[in-house]
Enquirer: 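Before anything else, here's the structure in question.
All figures in this text were calculated on a predicted structure; none of them were measured in a lab.
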Amino acid sequence: AELHFLSVSLGGDKVDVKDVSSVKAALVLVLEKAGRESFLTRVHFHCLTYHVILERRGHWKNSAVSVAMGTFTAAKFACDTPTIIPANHELRFFGTDIKPVISEEVGEYMLHISPVLVCKRPLKTVGLGDSISATGLLYTTRT
């Protein structure tokens, strides 16, 4: 809901998280409205089924790894296990190209998206979003 409200308030379209292209358009809008001289060079978004990072090219390294590690951490955290146990998780990504990370150029930006392994019986949810974002930052470096 937050990305939807942000997009509409910036003059963009409604956002449907089931439509990755609408999420991508909203994230691009956020960075475009911030401007090239802004300190804002990267935006994270995560929902139940995927984690995405959109960044202005030339500012960050290792973002594909960081988006994958964010989703990996979320899967372990939610099930409260030290590693991934396949029987405890399911993949509910509704894209057509399922890979650990999909990276693509979007104009002057790079987009990295990773499907999330959803815990079938979550034991922890408080702080889950913070752990995804924090892990995403942990594995990247500024250029």
Enquirer: Can you sort out the partners of E2 under side-chain hydrogen bond (donor to acceptor under 3.5 Å, both in side chains), two or more places apart, ordered by chain and number?
Expert: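 E2 satisfies side-chain hydrogen bond (donor to acceptor under 3.5 Å, both in side chains) with no other residue.
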Enquirer: Applying side chain to side chain contact (heavy atoms under 4.5 Å, CB included) to L6 and S9, what does each step give before you reach the verdict?
Expert: CA-CA 5 Å; L6 181 59; S9 71; 4.2 Å; yes
Enquirer: Enumerate the disulfide bond (SG atoms under 2.5 Å apart) contacts for residues 105-140, please, sequence neighbours excluded, ordered by first and then second residue.
Expert: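 Of all non-adjacent pairs touching residues 105-140, those that pass disulfide bond (SG atoms under 2.5 Å apart) are C79-C119.
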Enquirer: Are L3 and V43 linked, directly or through other ILVMFWY residues, by side chains that come within less than 4.5 angstrom of each other?
Expert: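 L3 clusters together with V43.
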Enquirer: Please report, to 0.1 Å, the donor-acceptor pairs under 3.5 Å made by any side chain of residues 21-33, with sequence neighbours excluded.
Expert:
unit_1	atom_1	unit_2	atom_2	d
S21	OG	D19	OD1	2.6
S21	OG	D19	OD2	3.4
S22	OG	D16	N	3.0
S22	OG	D16	O	3.0
S22	OG	D19	O	3.0
K24	NZ	E104	OE2	2.9

Enquirer: What are the two closest heavy atoms between S63 and S66, and how far apart are they?
Expert: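 Shortest heavy-atom contact: O-OG, 2.9 Å.
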Enquirer: Kindly write out the residues that satisfy side chain to side chain contact (heavy atoms under 4.5 Å, CB included) with H4, not counting sequence neighbours, or none if the list is empty.
Expert: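 Here the qualifying residues are V8, K14, V15.
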Enquirer: Applying side chain to side chain contact (heavy atoms under 4.5 Å, CB included), name anything that partners A34, two or more places apart in sequence or on another chain.
Expert: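 Counting only residues at least two positions away or on another chain, A34 forms a side chain to side chain contact (heavy atoms under 4.5 Å, CB included) with S38, L40.
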Enquirer: Tracing side-chain links under 4.5 Å among I, L, V, M, F, W and Y, which residues wind up in one group with F77?
Expert: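 Traced through the cluster, F77 reaches L128.
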Enquirer: Report whether V52 and V20 are members of the same hydrophobic cluster (ILVMFWY, side-chain heavy atoms less than 4.5 Å apart, transitive linking).
Expert: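 Cluster IDs for V52 and V20 match.
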Enquirer: Quick one: pull up CH2 in W60 and CD in E55 and give me the separation to the nearest 0.5 Å.
Expert: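 The distance works out to 8.0 Å.
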Enquirer: Can you list every pair that meets salt bridge (Lys or Arg N to Asp or Glu O under 4.0 Å) and has a residue in residues 105-129, with sequence neighbours left out?
Expert: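 Checked against salt bridge (Lys or Arg N to Asp or Glu O under 4.0 Å) - neighbours excluded - the pairs reaching residues 105-129 are R36-E108, R56-E108, R57-E105, D80-K124.
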Enquirer: To the closest 0.5 Å, what do you measure between OH (Y109) and CG (L54)?
Expert: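 Answer rounded to 0.5 Å: 7.0 Å.
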Enquirer: Does either side chain, that of S131 or that of T73, offer a donor lying less than 3.5 Å from an acceptor on the other one?
Expert: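 Note: S131 and T73 side chains miss the donor-acceptor criterion.
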Enquirer: What distance do I53 atom CD1 and T140 atom OG1 have between them, rounded to the nearest 0.5 Å?
Expert: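 I53 CD1 to T140 OG1: 6.5 Å, rounded to 0.5 Å.
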Enquirer: Checking H44 against L137 for the side chain to side chain contact (heavy atoms under 4.5 Å, CB included) test, could you report, in this order, the C-alpha distance in whole Å, the side-chain angles of both residues, the deciding distance, and whether it holds?
Expert: CA-CA 9 Å; H44 287 244; L137 285 172; 4.2 Å; yes
Enquirer: What residues, two or more places apart in sequence or in another chain, satisfy side chain to side chain contact (heavy atoms under 4.5 Å, CB included) together with L138?
Expert: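 Here no residue qualifies.
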Enquirer: With sequence neighbours excluded, what pairs up with H89 under the ring pair (Phe, Tyr, Trp, His ring centres under 6.0 Å) test?
Expert: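 Counting only residues at least two positions away or on another chain, H89 forms no ring pair (Phe, Tyr, Trp, His ring centres under 6.0 Å).
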Enquirer: For D13, does the CG atom sit with more than 12 other heavy atoms under 6.0 Å from it, leaving out its own atoms?
Expert: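 Counting neighbours around CG of D13, 12 or fewer heavy atoms of other residues, nucleotides or ligands fall under 6.0 Å, so no.
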Enquirer: Measure across Y50 and V17 and return the closest heavy-atom pair with its distance rounded to 0.1 Å.
Expert: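 Minimum heavy-atom contact is OH-O, 2.8 Å.
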Enquirer: Which word best sums up how the rings of H51 and H46 line up, parallel for under 30°, tilted for 30 to 60°, or perpendicular for over 60°?
Expert: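 Perpendicular.
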Enquirer: Among all residues two or more places apart in sequence or in another chain, which pass the side chain to side chain contact (heavy atoms under 4.5 Å, CB included) test with S103?
Expert: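 Expected list: A64, V101, M110, H112.
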Enquirer: State which residues pass side-chain hydrogen bond (donor to acceptor under 3.5 Å, both in side chains) with E37; sequence neighbours excluded, sorted by chain then number.
Expert: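 So E37 forms no side-chain hydrogen bond (donor to acceptor under 3.5 Å, both in side chains) with any residue.
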Enquirer: Enumerate the salt bridge (Lys or Arg N to Asp or Glu O under 4.0 Å) contacts for residues 63-73, please, sequence neighbours excluded, ordered by first and then second residue.
Expert: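 Checked against salt bridge (Lys or Arg N to Asp or Glu O under 4.0 Å) - neighbours excluded - no pair reaches residues 63-73.
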Enquirer: Applying side chain to side chain contact (heavy atoms under 4.5 Å, CB included), run through T49 and V116 and close with a yes or a no.
Expert: CA-CA 5 Å; T49 55; V116 173; 5.7 Å; no
Enquirer: Could you grab the distance from atom OG of S114 to atom CZ of F72, nearest 0.5 Å is fine?
Expert: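 Atom-to-atom, S114:OG and F72:CZ are 11.5 Å apart.
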Enquirer: To the nearest 0.5 Å, what is the distance between OG1 on T71 and CG on L91?
Expert: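 Rounded to the nearest 0.5 Å, the OG1-CG separation comes out at 9.5 Å.
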Enquirer: Evaluate the criterion side chain to side chain contact (heavy atoms under 4.5 Å, CB included) for residue pair K76 and I84; output intermediate values, then yes/no.
Expert: CA-CA 6 Å; K76 291 188 314 177; I84 299 296; 3.9 Å; yes
Enquirer: Search all heavy atoms of A74 against all heavy atoms of I132 and return the closest pair with its distance.
Expert: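 Smallest heavy-atom distance, with atoms named: CB-CG1, 3.4 Å.
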